[in-house]
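In what follows, a structure is listed as structure tokens, so that the remarks can point back to it.
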Amino acid sequence: MSNVTRFERSSATRDSVLVKSIILILSLGFFGIFLLLPLFSVFAEALHKGFVYYLKAIAEPDTWSAIKLTLLAAGVAVPLNLVFGVAASWAIAKFDFRGKHVLITLIDIPFSVSPVIAGLIYVLVFGAQGWFGSWLGDHDIRIIFAIPGIILATVFVTFPFVARELIPLMEAQGREEEEAATVLGASGWQTFWHVTLPNIKWGLLYGVILCNARAMGEFGAVSVVSGHIRGYTNTIPLQVEILYNEYNFVAAFAVASLLALLALLTLAAKTYVEWHLKSETNAPPAIEGPL
Amino acid sequence: MSTAKKNNIFPGFGLSLGYTIIYLSIIVLIPLSAVIFKTTSLTFPAFIDAVTAPRVMASYRLSFGMALFAGVINTFFGLLLAWALVRYTFIGKNLVDALVDLPFALPTAVTGIALASLYSKNGWIGQYIEPLGIKIAFTPWGVLVALIFIGLPFVVRTVQPILEEIEIELEEASASLGASRWQTFRRVVLPILSPALLTGFALAFARAVGEYGSVIFIAGNIPMVSEITPLIIITKLEQYDYAGATAIATVMLVISLLLLLAINGLQAWTAKRTGRVR
């Protein structure tokens, strides 16, 4: 990368030093106060009684069971939505059919729905007063205020991540390579494993990284279905809330710092994958949210 | 559109589309339809009463008002930040560029407690502004601060790619015709950016309206003052008022779906304006 942007080379697009300084001070000042400061404060609050205290706060048994539940929820939600993302993008990018745009819009719905509503819908279906409530009660199966509800809510909020990365990527890549493979006698699975998958691997990874970050960090939706049973239905974010509401601030921030580290790792991995995506295709990765 | 014959050489259409539709129905569509069914268990006057109760109306004003306010602030600063990232060279630029997505990656509960402690009386920011008579934590302004945090990347990430693709020749032509930098920005650059700015605003607004985790810790959640609509849904659920919770959820759901359609329309417009294939 050159040191100067192309806009700085032409006198028509180069801003004066005064304008440049004002824009840099305003934008970076805003960025520092509204984005960086909250991030720093998480680590500062977590460590302000020292590192030993920090480790002790994390080593609580309830925190460990929260970590296990979060790993379980993400471990189910990410593979399920990965398989869905591949199937949906294969159908949408490789075939023409009526209602394709409606389908793409429907896939986006979980992004535009409040997380609280994402939890509510499963309470309405599986809760004690819900559609299957009495049947589940008769058979002694618990979904709401139990682990299956947490997993379902996590699957819902992370539903579109992989699909929404893969659909534009596969559409941009076209169908020629797969057509050539098919004409040369490759079976459907061979075409997919040897032609399609290598082409989409960075996009796939990108979707998985974002999907995993949201799965591990979701708060609103799992809060509605969890019932907050300590050591049983608490995920890491819910554990942060409980500790904070008990005025156990150092412990709350210590557990929160684990999630903040995960966020930083996610950003690093995402930047690395974006760099690969940019060099392999010209399709810019989709941003999170309805596109 | 290709012909049916072209489709036929690929395998797996029935399997992949069938799986997509079944999975979509089980996880998203059927549970969402429960909201509509539950709402119909209320009579129409009861529904209207539930969604227009004074405490609920106050929460709409707060949620939508602050989402709008935060969207406007983010559109302005998001444009400045995108401009700086695309047009200028400065130390730490790559780091800033990567960290712009922090609000997407940081779990909302973490954001919530961090902001609450920053702006509280003894916090890093609170201790300087409270003596000046400015209270942010546990007031409606706390809601605004949280919504600014979560909305900023939507604007930056929507505007940035459009800004990157602008051809220098346009501004050179404008300058050679005697326009000042400001005139060129107003008459040439801003019209190119406006669909993207509007899209970024709409995305940030849509996210802010339904936001829960980052808001509740700093808002103080005082009924009629700093209580957001999603929190009212949760409160009603905790009181086993499922019909009431669902009625308010229906209102939010309809607004979210309208916003989703509006955003799709805006993006089609952006694509047409800039000649980008989405």
Side-chain angles (χ1 to χ4, degrees), chain A residues 3-5 7 10 12-13 20 23-24 26-27 30-31 34-35 38 41-42 45 84 87-88 90-91 94-96 106 109-110 112-117 120-122 124-125 129 155-156 159 182 188 213 217 219-220 237 240-241 244 252 256 259-260 263 266-267 271 284 287-291, chain B residues 1-2 7 9-13 16-17 19-20 23-24 27-28 31-32 34-35 38 77 80-81 83-84 87-90 98 101-102 104-110 113-115 117-118 148-149 154 157 161 168 171-172 175 203 206 210 212-213 230 233-234 242 249 252-253 256 260 263 267:
Chain A
N3 281 330
V4 191
T5 65
F7 298 99
S10 165
T13 50
K20 183 178 166 178
I23 289 180
L24 279 180
L26 281 178
S27 62
F30 185 82
F31 176 82
F34 282 92
L35 262 72
S41 78
V42 173
E45 298 273 355
F84 163 72
W90 179 264
K94 304 296 174 194
F95 299 94
D96 294 312
L106 290 177
I109 285 179
S112 55
V113 167
S114 172
V116 168
I117 295 178
L120 168 75
I121 59 176
Y122 291 111
L124 294 178
V125 174
Q129 299 181 31
V155 171
F156 182 92
F159 182 86
T182 311
F219 176 71
V240 170
E241 183 197 23
Y244 188 84
L259 291 170
T266 299
L267 291 183
T271 308
I287 64 158
E288 198 174 317
L291 253 192
Chain B
M1 286 288 132
S2 73
N7 284 340
I9 77 161
F10 278 127
F13 178 63
S16 61
L17 186 66
Y19 181 75
T20 300
Y23 185 71
L24 176 72
I27 299 293
V28 180
L32 268 181
V35 173
K38 187 73 191 179
F77 284 98
L80 288 188
L81 195 53
W83 188 273
R87 300 217 163 194
Y88 302 151
T89 338
F90 53 90
D101 285 327
L102 181 70
F104 287 157
L106 196 65
T108 54
V110 179
I113 64 168
L115 292 175
S117 83
L118 272 182
I148 288 174
F149 179 91
F154 287 101
R157 292 305 187 221
I168 291 176
E171 285 165 74
E172 283 173 344
L203 286 168
Y212 176 71
I233 296 178
I234 292 213
Y242 285 29
M252 291 200 71
L253 205 54
S256 302
L260 178 65
I263 289 165
Q267 265 153 353

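Letters A, B, ... mirror the listed sequences (proteins, then strands); counts begin at 1.
- Both the backbone and the side chain of A:Phe34 come within contact range of chain B, each with at least one heavy atom under 4.5 Å from a heavy atom of that chain.
- Rounding to the nearest 0.5 Å places CD1 of A:Ile23 at 6.0 Å from CG of B:Leu80.
- The shortest side-chain heavy-atom distance between A:Phe159 and B:Leu24 falls under the 4.5 Å cut-off.
- Judged purely by atom type and a 3.5 angstrom limit, B:Ser256 uses its side chain to pair as donor or acceptor with the backbone of A:Ser112.
- Using a 4.5 Å cut-off between heavy atoms, A:Phe84 touches chain B through backbone and side chain atoms alike.
- For the atom pair A:Leu26 CG and B:Phe77 CZ, the distance stands at 5.5 Å (nearest 0.5 Å).
- Chosen from A:Glu241, A:Glu45, A:Gln129, the residue pairing most often with chain B at heavy-atom distances under 4.5 Å is A:Gln129.
- With contacts defined as side-chain heavy-atom distances shorter than 4.5 Å, the pair B:Leu17/A:Phe95 does not qualify.
- Inter-residue side-chain proximity for B:Val28 and A:Phe156 is flagged as met; some heavy-atom pair is nearer than 4.5 Å.
- Between chain B and the residues A:Pro115, A:Pro110, A:Gly217, A:Ala213, the largest count of heavy-atom pairs under 4.5 Å involves A:Gly217.
- Between B:Thr20 and A:Ala88, the closest heavy-atom pair is OG1-CA, 3.2 Å.
- Taking CZ of A:Phe31 as the start and CG of B:Leu102 as the end, the distance is 7.5 Å to the nearest 0.5 Å.
- Top candidate by heavy-atom pairs under 4.5 Å with chain B, chosen from A:Thr271, A:Val125, A:Leu259, is A:Leu259.
- Residue A:Ile117 touches chain B through its side chain alone, counting heavy-atom pairs closer than 4.5 Å.
- One distance of note links CG of A:Asp96 with CZ of B:Phe13; it measures 9.0 Å at 0.5 Å rounding.
- Note on A:Ile109, A:Thr13, A:Leu120: by heavy-atom pairs under 4.5 Å with chain B, the leading option is A:Thr13.
- In this structure the side chain of B:Phe149 reaches within 4.5 angstrom of the side chain of A:Pro38, judged on heavy atoms.
- The OG atom of A:Ser10 sits 5.5 Å away from the CD1 atom of B:Ile168 when rounded to the nearest 0.5 Å.
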Before you tell me yes or no, could you show the steps for A:Phe30 and B:Leu81 under side chain to side chain contact (heavy atoms under 4.5 Å, CB included), namely the whole-Å CA-CA distance, both residues' side-chain angles and the distance that decides it to 0.1 Å? CA-CA 9 Å; A:Phe30 185 82; B:Leu81 195 53; 5.8 Å; no
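- Taken from CZ in B:Phe90 to OG in A:Ser27, the straight-line distance is 6.5 Å, to the nearest 0.5 Å.
- Counting heavy atoms from C-beta outward, B:Ile27 and A:Tyr122 have side chains that approach closer than 4.5 Å.
- Taking 4.5 Å as the limit, every side-chain heavy atom of B:Phe104 sits out of range of all side-chain heavy atoms of A:Thr266.
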